[in-house]
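One structure is given below, encoded as structure tokens.
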2 protein chains.
Amino acid sequence: MDTRLNLIIDSLRQRDFRVTPQRYAVLKLLCTSKAHPGPGEVYEQLRQQFPTLSLATVYKTAALLRDMGELTELPMKDGTTRYDGRNPAPHPHVICNRCLKVMDFDAPPLDFLQQEAASATGFHIAGFRLDFFGLCPDCHNN
Amino acid sequence: MDTRLNLIIDSLRQRDFRVTPQRYAVLKLLCTSKAHPGPGEVYEQLRQQFPTLSLATVYKTAALLRDMGELTELPMKDGTTRYDGRNPAPHPHVICNRCLKVMDFDAPPLDFLQQEAASATGFHIAGFRLDFFGLCPDCHNN
DNA sequence: TTAAGTGCAAAGGTTTTGCGAAACT
DNA sequence: AGTTTCGCAAAACCTTTGCACTTAA
């Protein structure tokens, strides 16, 4: 259940990073949320629990997780960022053009495409990002 | 060869947009370049020909082409933008993590994935973006 | 002639950074 | 006790906007 969270915390301590209450709260939210929250959402959701929490701390904690390979940043068209800390491995998303909702979905593996890209270009491919854009059910029904 | 450029120019005139020398130069560069240039590159390349050219004009011309459906903006991880005005339809790219080169490659159609995304999420999908990240031949050999 | 475009400079918005104060180990 | 981290505020960065001057049609 919270095994992954504990592993991340152990890994932090091993690297002489401290597990402060703010850091713990931010990384727990980031690692468990399905909503692909942005810095602002993380900040707002934890403000009640930590009235002095700053956006800078949110950014720094997310960058730390990203550097550990435990979170992917998803820069959006509008210049904002959304975090995917629940499943940091590359996977496709659908993104609503109106409400900016970001969702996962089950997709077949893209290895064949990656190999096509590598052989066609000579690149050494390390990752990918695939977003489908459109309108979510909520938005195209209202 | 330059048929598409002429079609775009006709379309501009029909909509009471004017074809100024700056606008013509920017859109010609954007519509023909294979290099996926950013605003800065467009600006630098045309500066010699138009010493008073401004970045604002580059941005505005690109936005105009984008609104006509003749150009796709590719926001990058680092917050900058690259333009794809040569083939505005969605298609995959490979992007070098070191030199930030952006390249096209021939890829099989992704319709099946798009249908998977639509049926799995209920979204009405209108487009996609697929980037593979890695090191280009120049960068992994040096 | 006149409405649209250019270019400069300022504004806007998000993310990053510097640094003194606080706090984890 | 000694570092790390926090949080505030300022800086940095790219992009957009406002406006007077210029110019295409």
Side-chain angles (χ1 to χ4, degrees), chain A residues 8-30 36-44 46-68 71-83 100 102, chain B residues 8-30 36-68 71-83 100:
Chain A
I8 291 173
I9 288 170
D10 289 347
S11 173
L12 282 172
R13 289 218 168 92
Q14 281 178 15
R15 305 187 200 188
D16 286 324
F17 288 112
R18 293 180 183 171
V19 181
T20 65
Q22 295 93 329
R23 189 172 273 174
Y24 178 80
V26 171
L27 74 85
K28 179 175 178 182
L29 197 167
L30 286 174
H36 305 84
E41 279 103 38
V42 175
Y43 176 67
E44 286 304 333
L46 297 179
R47 230 163 125 46
Q48 301 146 31
Q49 197 180 344
F50 300 94
T52 67
L53 182 69
S54 70
L55 260 179
T57 295
V58 175
Y59 279 109
K60 286 169 185 167
T61 305
L64 182 58
L65 275 174
R66 183 242 292 138
D67 293 343
M68 296 172 68
L71 173 143
T72 301
E73 293 177 346
L74 301 172
M76 308 294 280
K77 289 181 186 174
D78 67 357
T80 63
T81 298
R82 302 288 282 271
Y83 298 125
L100 301 186
V102 178
Chain B
I8 291 173
I9 288 170
D10 289 347
S11 173
L12 282 172
R13 290 219 168 89
Q14 281 178 16
R15 305 188 201 187
D16 285 324
F17 288 112
R18 294 176 183 175
V19 182
T20 65
Q22 296 93 327
R23 189 172 272 174
Y24 177 81
V26 171
L27 74 84
K28 178 174 178 183
L29 196 167
L30 287 174
H36 306 84
E41 279 102 39
V42 175
Y43 175 69
E44 286 304 333
Q45 287 182 44
L46 298 178
R47 231 162 125 46
Q48 302 146 32
Q49 196 179 345
F50 300 92
T52 67
L53 182 68
S54 70
L55 259 179
T57 295
V58 175
Y59 279 110
K60 286 169 184 167
T61 305
L64 182 59
L65 275 174
R66 184 242 292 137
D67 293 343
M68 296 172 69
L71 174 143
T72 301
E73 293 177 346
L74 301 172
M76 308 295 279
K77 289 181 187 175
D78 67 356
T80 63
T81 298
R82 303 287 281 271
Y83 298 124
L100 302 186

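Every chain is numbered from 1, with letters handed out A, B, ... down the list of sequences.
- Remark: B/Leu64 CG to B/Thr57 OG1 distance equals 11.5 Å, nearest 0.5 Å.
- Within residues 51-65 of chain B, the residues having any heavy atom closer than 4.0 Å to DNA chain D are, in order of number, B/Ala56, B/Tyr59, B/Lys60.
- Side-chain nitrogen and oxygen atoms of B/Thr81 include at least one within less than 4.0 Å of the OP1 or OP2 phosphate oxygen of D/dT15.
- Applying the 4.0 Å criterion to OP1 and OP2 of D/dT23, one finds that B/Arg18 has every side-chain N and O outside that range.
- Across the protein-nucleic acid pair, B/Arg47 atom CZ and C/dC8 atom C1' stand 13 Å apart, rounded to whole Å.
- Place B/Arg66 and B/Phe17 on DNA chain D by their nearest nucleotides, and B/Arg66 ends up nearer the 5' end.
- Put simply, CZ on B/Arg13 is 16 Å from P on C/dA4, counting in whole angstrom units.
- Atom pair A/Arg23:CZ and D/dT5:P shows a separation of 4 Å (rounding to whole Å applied).
- Looking at which nucleotide of DNA chain D each of B/Pro21 and B/Pro39 is closest to, the 5′-most match is held by B/Pro39.
- A donor-acceptor contact shorter than 3.5 Å is absent between the side chain of B/Arg23 and the backbone of B/Phe17.
- At whole-Å resolution of the value, CG in B/Asp16 and C1' in C/dG5 are 13 Å apart.
- To the nearest 0.5 Å, atoms CG (B/Leu29) and CD (B/Glu41) are separated by 10.0 Å.
- Not one side-chain nitrogen or oxygen of B/Thr20 sits closer than 4.0 Å to the OP1 or OP2 atom of C/dG5.
- Side-chain contact check for A/Leu46 versus A/Val58: every heavy-atom pair is 4.5 Å or farther apart.
- Computed from coordinates, the A/Arg15 CZ to C/dC24 P distance equals 22 Å when rounded to whole Å.
- OP1 or OP2 of C/dG5 has not a single side-chain nitrogen or oxygen of B/Gln22 nearer than 4.0 Å.
- Taking atom CG of residue B/Asp78 and atom P of nucleotide C/dT16, one finds them 11 Å apart after rounding to whole Å.
- Taken to the nearest 0.5 Å, the NZ atom of A/Lys77 stands 12.0 Å off from the OG1 atom of B/Thr81.
- The CG atom of A/Leu27 lies 10.0 Å from the CG atom of A/Leu71; values are rounded to the nearest 0.5 Å.
- B/Met76 has its CE atom 22 Å from the P atom of C/dT14, to the nearest Å.
- Atom CG in A/Leu12 sits roughly 11 Å away from atom P in C/dT25 (whole-Å rounding).
- With a 4.5 Å cut-off on side-chain heavy atoms, A/Tyr83 and A/Glu73 count as touching.
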